[in-house]
There are 2 protein chains.
Amino acid sequence: MSSGTPTPSSARVVTLEQPAVDAAREAIADGIDREALVTVFGRCTVDYEGRASSTLEAGDRHVMLKPDGAALVHTDEGQQPVNWQPPGCTHAVSCDPAGDEDGAEGESVLVIESVRSTPDERLCVRFQNVVQVSAFSGTDENDIALSGTEEDLRQRILEEPALLETGFTPLATERETAAGAVDIYGEDAAGRTVVVELKRRRVGPDAVGQLRRYVDALERDLHADAEVRGILVAPSVTDRADRLLVDHGLEFVSLEPTSE
Amino acid sequence: MSSGTPTPSSARVVTLEQPAVDAAREAIADGIDREALVTVFGRCTVDYEGRASSTLEAGDRHVMLKPDGAALVHTDEGQQPVNWQPPGCTHAVSCDPAGDEDGAEGESVLVIESVRSTPDERLCVRFQNVVQVSAFSGTDENDIALSGTEEDLRQRILEEPALLETGFTPLATERETAAGAVDIYGEDAAGRTVVVELKRRRVGPDAVGQLRRYVDALERDLHADAEVRGILVAPSVTDRADRLLVDHGLEFVSLEPTSE
DNA sequence: GGCTAGATCTCGCTT
DNA sequence: AAGCGAGGTCTAGCC
């Protein structure tokens, strides 16, 4: 399928600049129908109601509607969208009479709504001015390959258990306890039960609490005076987390997800 | 400053469709210089190296470069970008000889790099085909107004402490302990110290661990046999969290951030 | 659908 | 710069 020359992309775009409201509505509706990725840039207000509720007065923003139902409203700042809707929403576009101070005007505004249920949530973007509408179609067959995750750290220990400590033997991953699944369950050189909690980066008090719950649960499960060791594995810990570890008789081993 | 008619937006856009590599490079560089919000859609590969590392083979994606240094790479699926760079990065755009199988070709590809330090991180997007380049300029003076947050829940209780329980008296918010700041610190009708942990939504085991740490820390701080009550306030709790509450002698009060 | 925990979490705040 | 916790977190996996 692939040749020496780059595969010519089948990607397409339809772009409108400064469109009239109705032309914008049509282009957006068409893009949604064609399952394109639709973007709209212009001056708009944004209202959200659902798990919480929010309002945002007029400003120039970039709106992205994805064919899977996701919606994103971006300002010129921040990595995160100022408003959004998760995948699974239904996008709708329409024209409304301008609901401004002068209701008698013949002007109309472009309205984009993204709605979902469970939970009921609605995002409404009203454009006073549309600067650009684009509808992108393309293909993306490839998934991202990521390394340096907690899963990599787990693999590293399973392949070389001595990294944790000499004589450590992993017996299970995701072993279930009354408090939830343990990252690595095993035993030490002396045959004592070991619970290992993995974190890909420096950890704070939360991770200690997690490990503590697993150790407590296992000590009950395994009956009586069973001694269960809890080991937190991470690149490093904060001071407060370290104090908590000591207070609760838990241990720490410094390891990173990947070697170097 | 604002009149009866909608303020004409000063927002502008420069759009190129199917640009030659060098024209794309120039438009993007110019947009970055002008502190515009720049978007590029086309077939690209993406490489990331930093806190973790990732690679992504060719596909059609939407790239957004923000003037604050943020970079986002979106596919047609998901609310989250497949790759990104946080605000504070430096964006750079250039043309490279096509690094494909046939190195002798005169073709060149468009390369966008976003780099930051602390931690050292680099994102590199290589476009085989550029379908559209846009550079948006606009203004956004307004901040979002959000309600239904934990802060709203706090205000609700401070204004009507009896919502927690009859006779409750708040004494401080964000009261510092050895384990961190407590959401609400107060005392009950009998004069006993009360620690309140707030959550805007249904909570699991984590929140119980948090409350537990605060109560433990205060019992040590306040000396000896001081009895400290810990109350978790949230709309609801999971079964496992409820069991943990009971096990550790903690209490639960059901409250939502806003009244209906 | 709910529960649990991870994430290159991001973001804001405080030290 | 680091620590800490909130978030409309989102997302994946499992039950």
Side-chain angles (χ1 to χ4, degrees), chain A residues 48-54 70 72 77-88 116-123 144 146-154 174 176-177 179-183 197-207 209-210 213-214 236-241 257, chain B residues 48-54 70-73 77-88 116-123 144 146-154 174 176-177 179-183 197-207 209-210 213-214 236-241 257:
Chain A
Y48 155 76
E49 182 102 35
R51 286 167 289 175
S53 61
S54 73
L72 304 168
E77 287 186 344
Q79 174 176 336
Q80 297 304 127
V82 63
N83 276 112
W84 70 90
Q85 205 67 299
R116 71 161 176 168
S117 46
T118 334
D120 279 331
E121 289 193 300
R122 168 200 307 248
L123 181 70
I144 192 172
L146 180 67
S147 71
T149 65
E150 181 180 306
E151 174 60 22
D152 292 314
L153 177 55
R154 174 185 314 171
E174 300 298 324
E176 280 298 334
T177 73
V182 165
D183 283 339
E197 173 62 30
L198 307 173
K199 295 294 173 191
R200 67 170 300 279
R201 60 172 197 173
R202 182 172 174 87
V203 297
D206 280 6
Q210 221 179 308
R213 293 200 299 276
Y214 299 144
S236 57
V237 293
T238 66
D239 283 354
R240 209 171 294 191
Chain B
Y48 156 75
E49 182 102 36
R51 285 166 290 175
S53 62
S54 72
L72 304 169
V73 183
E77 287 185 344
Q79 174 176 336
Q80 297 304 125
V82 63
N83 277 111
W84 70 90
Q85 203 69 297
R116 71 161 177 166
S117 45
T118 333
D120 280 332
E121 289 192 300
R122 169 198 306 248
L123 181 72
I144 191 172
L146 179 67
S147 72
T149 66
E150 181 180 306
E151 175 60 22
D152 292 315
L153 178 55
R154 176 183 312 170
E174 299 299 322
E176 279 298 333
T177 73
V182 164
D183 284 339
E197 173 61 30
L198 308 173
K199 294 293 172 191
R200 66 169 300 280
R201 61 173 195 173
R202 182 171 173 86
V203 298
D206 280 6
Q210 221 179 310
R213 293 200 300 277
Y214 298 144
S236 57
V237 294
T238 66
D239 283 353
R240 198 117 73 180

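Note on naming: letters A, B, ... go to the chains in the order of the sequence lines (proteins, then strands), and numbering restarts at 1 for each one. Computed over heavy atoms, backbone and side chain alike; hydrogens, waters and symmetry mates excluded.
OP1 or OP2 of D:dA6 has not a single side-chain nitrogen or oxygen of B:R201 nearer than 4.0 Å. Listed pair B:R154 / D:dA6 fails the phosphate criterion, with no side-chain N or O lying under 4.0 Å from OP1 or OP2. Distances shown here put every side-chain N or O of A:T149 at or beyond 4.0 Å from the OP1 or OP2 atom of C:dT8. OP1 or OP2 of D:dC10 sits under 4.0 Å from a side-chain N or O of A:W84.
Here the C1' atom of nucleotide C:dC9 and the CD atom of A:Q79 are 8 Å apart, to the nearest Å. The CD1-P distance, from B:I144 to D:dT9, rounds to 13 Å in whole Å. Atom CG in B:L146 sits roughly 14 Å away from atom C1' in C:dG12 (whole-Å rounding). Rounded to whole Å, atom P of C:dT4 lies 14 Å from atom CD of A:E174. Between A:Q85 atom CD and D:dC10 atom C1' the separation is 13 Å, expressed in whole Å. In this structure, B:L153 atom CG and D:dG7 atom C1' are separated by 14 Å, rounded to whole Å.
A salt bridge links B:E174 to B:R154: one of the charged nitrogens lies within less than 4.0 Å of a carboxylate oxygen. Using a 4.0 Å cut-off between charged side-chain N and carboxylate O, A:D206 and B:R213 make a salt bridge.
Rounded to the nearest 0.5 Å, atoms CD (B:E150) and CD (B:E197) are 6.5 Å apart. The CD atom of B:Q210 sits 10.0 Å away from the CG atom of B:L198 when rounded to the nearest 0.5 Å.
Taking atom C1' on both nucleotides, D:dT11 is separated from D:dG7 by 14 Å, rounded to a whole Å. Nucleotides C:dT8 and C:dT4 place their P atoms 23 Å apart, quoted to the nearest Å. Nucleotides D:dG5 and D:dT9 place their C1' atoms 13 Å apart, quoted to the nearest Å.
You won't find any donor-acceptor pair under 3.5 Å spanning the side chain of A:Q80 and the base of D:dG7, going by distance alone.
Among the heavy atoms of the strands, none lies under 4.0 Å from A:P119. A:S54 comes within 4.0 angstrom of no nucleic acid atom, judged by non-hydrogen atoms across all strands. Among the atoms of the strands shown, none is found under 4.0 Å from any heavy atom of B:G148.
Of the residues near DNA chain C, A:S117 and B:V82, the one whose nearest nucleotide (by heavy atom distance) lies more toward the 5' end is A:S117. Positionally, the nearest nucleotide of DNA chain D for A:Y48 lies more toward the 5' end than for the other of A:Y48 and A:E176.
Taking every side-chain heavy atom of B:R51 into account, C:dT10 is the closest of D:dA2, C:dT10, D:dC10.
In this model, a donor atom of one side chain and an acceptor atom of the other lie less than 3.5 Å apart for B:Y48 and B:E121. Looking only at atom types and distance, the side chain of A:R202 has a donor-acceptor partner in the side chain of A:S236 under 3.5 Å away.
Under a cut-off of 6.0 angstrom, the local environment of CZ in A:R116 is crowded, with over 12 non-hydrogen atoms contributed by other residues, nucleotides or ligands.
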For nucleotides 3-5 of chain D, list the nitrogen or oxygen atoms of the protein found under 3.5 Å from its nitrogen or oxygen atoms, one pair per line.
{"unit_1": "D:dG3", "atom_1": "OP1", "unit_2": "A:R202", "atom_2": "NE", "d": "2.8"}
{"unit_1": "D:dG3", "atom_1": "OP1", "unit_2": "A:R202", "atom_2": "NH2", "d": "2.2"}
{"unit_1": "D:dG3", "atom_1": "OP2", "unit_2": "A:R202", "atom_2": "NE", "d": "2.9"}
{"unit_1": "D:dC4", "atom_1": "OP1", "unit_2": "A:R240", "atom_2": "NE", "d": "3.1"}
{"unit_1": "D:dC4", "atom_1": "OP2", "unit_2": "A:T238", "atom_2": "OG1", "d": "2.7"}
{"unit_1": "D:dG5", "atom_1": "OP1", "unit_2": "B:Y214", "atom_2": "OH", "d": "3.2"}

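In terms of heavy atoms, B:D152 sits closest to B:G148 at OD2-N, 2.6 Å.
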